[in-house]
Number of protein chains: 2
Amino acid sequence: MYSFTEENYIKAIYKLQEKSGISVNTNAIAEIMQTKAASVTDMIKKLSEKKLLSYAKYKGVELTETGRKMALEMIRKHRLWETFLYDKLNFSWDEVHDIAEQLEHIKSTKLIDCLDEFLGFPENDPHGDPIPGKNGLIQRIELYKVSELGIGEFGVISGVVNHSSLFLQHLEKNQLVLGKGIEIVSKSDFDQSLRIKIEGGIPIMISNEVARNVLLKKSR
Amino acid sequence: MYSFTEENYIKAIYKLQEKSGISVNTNAIAEIMQTKAASVTDMIKKLSEKKLLSYAKYKGVELTETGRKMALEMIRKHRLWETFLYDKLNFSWDEVHDIAEQLEHIKSTKLIDCLDEFLGFPENDPHGDPIPGKNGLIQRIELYKVSELGIGEFGVISGVVNHSSLFLQHLEKNQLVLGKGIEIVSKSDFDQSLRIKIEGGIPIMISNEVARNVLLKKSR
DNA sequence: TAATATTTTTAGACTAGTCTAAAAATATTT
DNA sequence: AAATATTTTTAGACTAGTCTAAAAATATTA
Ligand SMILES: [Mn+2]
Ligand SMILES: [Mn+2]
Ligand SMILES: [Mn+2]
Ligand SMILES: [Mn+2]
């Protein structure tokens, strides 16, 4: 059995590997694990011995197949628990993450599979992120940042880049929630702010900061 | 914030204090914590400094009011999670305990109160044990062991002394589940085994071992 | 009450995970 | 290619929780 710490390292390394391509370096891990590089080196050695990742001194690490599967199981658990909190206990989407960080460490395959069924085998969590299946497969849909769309284009809000509570609360206050359709009306050359029209509402202004952190599925 | 280990010690001490009266001794704690007396002494000192219990060398320990409240919160969480697994995810009563041992350590008051509401504010867990309320109050009903009832007396199965999977499975196989009404038909002088009649069924024999571990609410 | 048995505590050591400071390797500039 | 900067690793130390073995206190028995 793996410790919470080991599990968190594996998840962190998976996420880094996701975005920044191949091998993950010590400092990057230290940053998201909120620890020091020296501690990371120690842990890396341990995880390497346990065959969860491959490691060459000074060359960074890469998850093994075992490590990758473990990370996906963690993510599956995390997102299913978030969905439970949101769908069944009526938490808002900015409240679920911290508790899911704890719940993702509960060890029981039966529990997570029953939870999956109880929730009706959801495909996405409350933030729009895809939930890996029992088989470890994660289905990827191409999403675009609001800032990437051109004038007159349409899209449905389907995800967020920034997952912070503060940002999620801000979106909610402005009706920018999952599933809402929006149209790009105009862009400012000055500060890259956008004017958008939300489905069944009046046009509003959003900052470029917001536009870069909201993901759309293109429509029409 | 308290560690899982600290929380488990407090819960163990509470349970010992419950049954065996006043102050709890080191060896008893060591036994249910599956550890050595020396380790217990170390932990006791720590919990004493944190004011969760009062401790006089060689004299045993007693929970403080803070410690008692903490224990009751743990028990509340444990039993609510057991109820969730049983009621919502269709686990059987012998499968819920081990997972609840993990879930009881999740830190979030909002989570547990929402779960309580989601479950309809249950009063008892799948084993018949009372669930402490948000206020920390635990409602106690007087229960009797099957072995304590006399010939011709009636009762409804409302709890178990032994919580082991093996025992719970045995009860289930013999229709001895929570809520069933039974009548004592006869007792054997030889091995203290009992003949009982289960509500809407034919009389069966149960060993004294079983009779001492099933709790009844007297009826009629 | 003295001898013996049991329980509890202390002393010292071990592991997991962390840290700081310094050394070693690698990357970037000049 | 040498000098400098950055990154990574090592060395040694700390805390939480555990252990064994021995000492101290308490309980039991004669
Ligand atoms: Mn999350
Ligand atoms: Mn999420
Ligand atoms: Mn239980
Ligand atoms: Mn129970």
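All chains are named by letter (A, B, ...) in the order of the sequence lines, taking the proteins before the strands, and each is independently numbered beginning at 1.
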Qualifying residues under ring pair (Phe, Tyr, Trp, His ring centres under 6.0 Å), relative to A:F84, sequence neighbours excluded: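 A:F84: ring pair (Phe, Tyr, Trp, His ring centres under 6.0 Å) contacts with A:W81, B:F84.
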Side chains of residues 94-105 of chain A: which donor-acceptor partners sit under 3.5 Å, not counting sequence neighbours?
unit_1, atom_1, unit_2, atom_2, d
A:D94, OD1, A:S92, OG, 2.9
A:D94, OD2, A:Q169, NE2, 2.8
A:E95, OE1, A:S92, N, 2.9
A:E95, OE1, A:S92, OG, 3.2
A:E95, OE1, B:K110, NZ, 3.2
A:E95, OE2, B:K110, NZ, 3.1
A:H97, ND1, A:H78, NE2, 3.1
A:H97, ND1, A:E82, OE2, 3.4
A:H97, NE2, A:E101, OE2, 3.2
A:E101, OE1, A:K11, NZ, 3.3
A:E101, OE2, A:K11, NZ, 2.9
A:Q102, OE1, B:K107, N, 2.6
A:Q102, NE2, B:K107, O, 3.0
A:E104, OE1, A:K11, NZ, 3.1
A:E104, OE1, A:H78, ND1, 2.8
A:E104, OE2, A:K11, NZ, 2.8
A:H105, ND1, A:E7, OE1, 2.6
A:H105, NE2, A:N8, OD1, 3.1
A:H105, NE2, A:E101, O, 3.3

Going 5' to 3' along nucleotides 21-29 of chain D, which nucleotides have protein heavy atoms under 4.0 Å from the base (write B), which only from the sugar-phosphate (write S), and which from neither (write -)? ---BSS---
By side-chain hydrogen bond (donor to acceptor under 3.5 Å, both in side chains) - contacts of A:N208 (at least two apart):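 With sequence neighbours excluded, A:N208 shows a side-chain hydrogen bond (donor to acceptor under 3.5 Å, both in side chains) to A:R212, given in chain and number order.
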Could you tell me the separation between the [atom1] atom of [X] and the [atom2] atom of [N], rounded to a whole number of Å?
X: B:Y55; N: C:dT7; atom1: OH; atom2: C1'; value: 12 Å
X: B:I44; N: D:dA16; atom1: CD1; atom2: C1'; value: 16 Å
X: A:D42; N: C:dT15; atom1: CG; atom2: P; value: 14 Å
X: A:E31; N: D:dT7; atom1: CD; atom2: C1'; value: 14 Å

In this structure, are over 12 heavy atoms from other groups packed under 6.0 Å from A:K88 atom NZ?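 Result for NZ/A:K88: enclosed.
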For [N] and [X] - does any side-chain N or O of the residue sit under 4.0 Å from the phosphate oxygens OP1/OP2?
X: B:N27; N: C:dT6; result: no
X: B:N25; N: C:dT8; result: yes
X: B:T41; N: C:dT10; result: no
X: A:K45; N: D:dT10; result: yes

N-O pairing of B:K134 and B:D113 below 4.0 Å: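 Yes, charged N to carboxylate O under 4.0 Å.
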Step through it carefully: locate the ring centre of B:F4, locate the ring centre of A:F4, and say whether they are under 6.0 Å apart.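 Close enough - the centres of the two rings lie under 6.0 Å apart.
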Residue mapping more 5' on DNA chain C - nearest nucleotide basis, B:A37 or A:K36: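 Mapping each residue to its closest nucleotide by heavy atoms, the 5'-most match is B:A37.
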For B:G60 and A:M43, take the nucleotide of DNA chain C holding the closest heavy atom to each; which residue's nucleotide lies nearer the 5' end?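 Final value for this comparison: B:G60.
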Verify the distance criterion only: is there a donor paired with an acceptor across the side chains of A:S188 and A:D191 at less than 3.5 Å?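 A:D191 and A:S188 do have a side-chain donor-acceptor pair below 3.5 Å.
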With a 4.0 Å heavy-atom cut-off, tell me which residues in residues 1-14 of chain B come close to DNA chain D, sorted by residue number.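 Correct list: B:S3, B:T5, B:Y9.
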If you only use heavy atoms from C-beta on, which nucleotide in C:dC19, C:dT9, D:dT9 is closest to the side chain of A:S39?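 Of the candidates, C:dC19 comes closest.
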B:G60 backbone acceptor or donor facing B:S23 side chain under 3.5 Å: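 Side chain of B:S23 to backbone of B:G60: no pair is present.
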Qualifying residue, where the test is side-chain hydrogen bond (donor to acceptor under 3.5 Å, both in side chains) with B:W93 and the options are B:H127, B:E172, B:H163: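 For B:W93, the side-chain hydrogen bond (donor to acceptor under 3.5 Å, both in side chains) test succeeds with only one of B:H127, B:E172, B:H163, which is B:E172.
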Paired stems touching DNA chain C, three or more consecutive Watson-Crick or G-U pairs with both distances under 3.5 Å?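 Paired runs of 3+ in DNA chain C: C:1-30 with D:1-30.
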I want to check a possible cation-pi pair here: B:K218 against B:Y144, using under 6.0 Å from ring centre and within 45° of the ring axis as the test.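 B:K218 over B:Y144 ring: yes.
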Quickly, which of A:V177, A:V214, A:I157 forms a side-chain contact (heavy atoms from CB on, under 4.5 Å) with A:L171? Name it, please.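 Answer after filtering A:V177, A:V214, A:I157: A:V214.
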